[in-house]
Amino acid sequence: MELRKSRRLLNMGIFLLVGGALLLLCGRTDGLARLIGVLILGGFGILTGGALVVAALKPFRFHIGTEGFQLLPVRSSLALGSGTGV
């Protein structure tokens, strides 16, 4: 049996990251209202895209036992007080 995560979120996240960055770097800022709009939309695109990329690349663990399929929490090696880092 093989389990795979869908990469649809990764594709959408990369698209939003690139779109937000292009909007911030190349967006027209003729007036104050347009500048604020570009900053808000570009920042939102970058933040949302980054969150989607992180969610898509986050690993997951599972266990298949007598009770069926069960997802296990992933322990981060960056967590404080983890001791071994595993």
Side-chain angles (χ1 to χ4, degrees):
M1 176 166 51
E2 184 176 345
L3 298 175
R4 294 184 185 180
K5 286 182 78 171
S6 172
R7 295 296 181 199
R8 193 174 295 171
L9 284 179
L10 181 62
N11 294 335
M12 182 181 277
I14 290 173
F15 177 76
L16 285 173
L17 273 172
V18 170
L22 284 175
L23 187 62
L24 283 177
L25 295 175
C26 303
R28 292 183 58 196
T29 57
D30 296 341
L32 181 62
R34 186 170 281 195
L35 173 65
I36 292 172
V38 165
L39 290 175
I40 289 173
L41 289 176
F44 180 75
I46 289 177
L47 288 176
T48 305
L52 289 176
V53 168
V54 168
L57 294 178
K58 185 178 176 182
F60 68 98
R61 294 178 49 197
F62 62 92
H63 175 73
I64 301 175
T66 57
E67 297 178 8
F69 181 78
Q70 180 182 25
L71 289 176
L72 301 175
V74 177
R75 291 187 292 170
S76 174
S77 62
L78 300 176
L80 296 175
S82 63
T84 61
V86 179

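Fair warning: this is a prediction, and the values are worked out from it, not measured in the lab.
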Q.
To the nearest 0.5 Å, what is the distance between CG on L35 and CD1 on I40?
A.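 L35 CG to I40 CD1: 9.5 Å, rounded to 0.5 Å.
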Q.
Hydrophobic cluster membership, with links at side-chain heavy-atom distances under 4.5 Å among I/L/V/M/F/W/Y: are I14 and L22 in one?
A.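 Cluster IDs for I14 and L22 match.
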Q) R7 and L57: which non-hydrogen atoms are nearest, and at how many Å? A)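 Scanning both residues completely, I find the closest heavy atoms to be NH1-CD2, 4.0 Å.
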Q) Which residues, ordered by chain and number, are linked to L16 in its hydrophobic cluster, where ILVMFWY side chains connect at heavy-atom gaps below 4.5 Å, directly or through other members? A)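 Result for L16 is L9, M12, L52.
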(Q) So if I apply the side-chain contact (heavy atoms from CB on, under 4.5 Å) rule between L41 and each of L24, I46, I36, L23, which one comes out positive? (A)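 Only match with L41 under side-chain contact (heavy atoms from CB on, under 4.5 Å): L23.
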